[in-house]
Every structure is written in C-alpha cells, then in structure tokens.
Amino acid sequence: MAAAMEEHRAELTQLDSAIGDGDHGTNMHRGFQAALERLETSEPSTPADVLKVVSMALVSKVGGAAGPLYGTAFLRASSALPGEGKPSAADVAAALEAALQGIKQRGRAEPGDKTMVDALEPAVRAARESGGEGVAAMLRAAASAAAEGAEATIPLTARKGRASYLGARSAGHKDPGAASTAYLLAAAARALEAS
Amino acid sequence: MVGLVLVSHSPEVARGTAHMVAQMVGEVEVIPVGGDPEGGLGTNPDGIRAALQSARSEELLVFMDIGSAILAVESVVEGLPESLRSRVRLVDAPFVEGAFAAGVLASTGAGAEECVAAAVEARTEPKLHDA
C-alpha cells in the first residue's frame with residue numbers, strides 16, 4: 001500500500017488539485033511511509049494488529065480529512081478481524097464492511113456524494129458476492145469494483161468536503177479519495193496474490 | 001471552570017483567535033491547536049489529543065473551523081478514555097464569534113451548557129441591523 005501511494009502520489013495530488021486542496025497524494029504518501037516505519041519498529045503479530053498500527057499512523061500523519069477517515073476505516077477493519085489465526089474470506093469481507101461503515105459514520109457520507117464511499121461500497125458488495133474463491137480473489141474483485149466506482153465519481157457533483165463548495169463545478173473530475181481507495185484495495189490484492 | 005480548545009487548519013487562525021478571546025475575556029483557559037504537525041496548514045490529531053490531556057479546566061469546549069478539523073477532533077475524542085471524554089464537548093458554532101461568546105460566559109463562571117448556548121447563538125446573531 002505504501003508503494004502504491006508512492007506510485008500514485010502525483011496523480012492523486014493532481015486529482016485533488018482539481019477539486020480539493022491539492023495535497024492528497026503527498027498526505028497519503030507521508031501517512032503510509034509512517035505506517036511502514038511503525039510496522040518495522042513495532043512488529044505486530046496478527047493482521048488485526050497490523051491494521052491497528054497502520055490506523056494510528058494514518059490518523060497522526062495524514063493531514064486533511066483522509067487521515068481521520070482512513071484511520072477510522074483501518075481501526076474498524078482491525079476490530080472486525082479475529083484476534084488470532086489467519087483471517088478467513090468471511091473475516092476479510094466483514095473487515096471491509098466495518099471499514100465502510102466507519103467511513104460513512106465519520107464522514108457522514110452516502111453513496112453518490114463523490115467520496116471514497118463511492119469506491120468502497122461497491123467493493124464491499126463485490127467482496128460479499130465473490131464467495132468461495134479465497135481472500136486474494138475476493139480482494140481482486142473488490143479492487144476492480146472500487147476502480148469502477150472511482151471512475152463513476154467523475155460526473156457526480158460533490159456534496160462533502162472542500163469540493164462541495166464548488167457545486168456543479170466539481171463535476172467532470174474523479175474524486176481523489178475514491179481513487180486512493182481503489183489503489184489501496186488493488187495493492188492489498190496484489191500483496192496477497194504474491195504471498 | 002470551562003476552558004476552550006480552538007482547532008483550526010491554520011496555526012495563525014488558532015493562535016490569533018485564542019489571543020483575541022484571551023484579551024477580551026480574561027481568566028479563561030484557551031488552548032490553540034493550529035495546522036499540521038509540521039506547522040503547515042492542516043490538522044494535527046496528536047496535538048489535539050495533547051491539548052485535551054493537558055487542559056486544566058474541568059469542562060472543555062472544542063471549537064473547530066472546517067472539514068478535517070472536525071473529523072480529526074471527532075476521531076481523537078472517540079479514542080479518549082471515558083474520564084476525559086466526559087469532560088469534552090464539541091461545539092457547533094462559528095469559530096471566532098462562537099469562541100468569543102463562549103469565552104465571555106465562561107469568564108463569568110457559567111457552566112458548559114450556558115457557554116455552548118451562547119456560542120451556538122452566535123451563528124444567528126445578525127452583524128448588520130439595517131437589512
């Protein structure tokens with residue numbers, strides 16, 4: 001995920017320059033670099049602990065709305081995973097669902113608001129429907145649905161955040177938060193396929 | 001006693017507002033938390049947590065400017081121990097005018113409820129009377 005944020009840093013910042021304050025790429029990159037460093041020093045023993053460490057790093061280091069939102073998402077996902085043992089596909093689906101509910105609650109956003117919810121909600125649906133093919137395939141399906149969801153934010157008018165002040169002028173641009181959500185899920189899927 | 005924590009994207013806005021409130025109301029604890037951890041524009045959840053933990057006032061009213069300042073404060077408060085969380089209230093009011101109104105009430109020894117009401121009223125108080 002840190003590598004994905006590094007790779008897409010310029011693009012996310014460019015998307016954010018169009019309708020936001022132009023720092024989403026830089027912020028996400030900084031947050032995930034901090035998460036990497038903290039993972040190296042704290043050596044968490046379970047996937048749930050890994051997500052928790054990442055959550056704390058993101059809350060502290062990602063300035064802007066993405067910090068609390070992704071921080072909440074990773075924390076809720078962490079709480080949904082079992083305390084020990086390898087998470088099952090059902091556990092991972094539950095974690096994604098918990099992340100979505102956390103983001104919706106924290107950001108008070110609904111589908112169609114032109115936010116990360118528009119990527120994560122279809123991802124959760126795809127994860128639930130992928131069934132029986134293992135965690136990597138599930139995350140692949142989720143990532144692909146998230147990418148489609150992010151593309152689908154282009155014509156929408158923003159109803160949250162700085163972009164909402166632009167009204168109709170926010171249409172025609174992909175939402176940077178939805179874009180980063182899709183990249184994070186794609187990175188998670190790639191990591192599992194490689195392991 | 002009621003104290004104020006002022007969370008803005010801008011270090012200058014947070015400090016400036018705190019300075020103005022302190023000058024005009026006197027003996028009220030006012031803690032500014034502005035900008036990101038590097039002192040640039042943004043929010044600083046660790047700084048917000050530290051401010052709430054270090055505050056001496058029994059009750060704390062938190063004023064936020066926009067967007068991520070609100071999200072950051074909410075995230076931080078959610079993670080506080082109950083003993084501290086029960087002393088903290090987020091105020092849905094204009095940043096400068098609300099903090100000022102709450103500060104004036106706080107300086108008279110009013111409780112959190114009254115201070116919040118004054119701050120919220122600042123939203124509807126007209127500035128021009130000839131419209």
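Being a predicted model, the structure only gives us computed values, none of them experimental. Order of the sequence lines fixes the chain letters, A, B, ..., with proteins taken first and strands second; residue numbering starts at 1 for each chain.
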K.L.:
At a 4.5 Å cut-off on heavy atoms, which part of A/L75 comes close to chain B: side chain, backbone, both, or neither?
P.N.:
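Contact with chain B involves no heavy atom of A/L75 at all.
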K.L.:
As a quick check of understanding, evaluate salt bridge (Lys or Arg N to Asp or Glu O under 4.0 Å) for B/R89 and B/E59, giving each step before the final call.
P.N.:
CA-CA 8 Å; B/R89 286 187 57 168; B/E59 296 180 286; over 6 Å; no
K.L.:
Tell me if a side-chain donor or acceptor on A/D16 pairs with a main-chain N or O of A/G22 at a distance below 3.5 Å.
P.N.:
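Side chain of A/D16 to backbone of A/G22, a donor-acceptor pair under 3.5 Å: yes, one is there.
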K.L.:
Would you please say whether a donor-acceptor pair under 3.5 Å links the side chains of A/S170 and A/Y165?
P.N.:
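No - no donor-acceptor pair under 3.5 Å links their side chains.
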K.L.:
May I ask you to check whether A/E7 and A/Y183 show a side-chain donor-acceptor distance below 3.5 Å?
P.N.:
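No, A/Y183 and A/E7 have no side-chain donor paired with an acceptor closer than 3.5 Å.
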K.L.:
Quick one: what part of A/S60 sits under 4.5 Å from any heavy atom of chain B, side chain, backbone, both or neither?
P.N.:
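When you check distances to chain B, atoms from both the backbone and side chain of A/S60 fall under 4.5 Å.
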K.L.:
Is it the side chain or the backbone of A/R108 that comes within 4.5 Å of chain B heavy atoms, both, or neither?
P.N.:
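Answer is side chain: those atoms of A/R108 sit under 4.5 Å from chain B.
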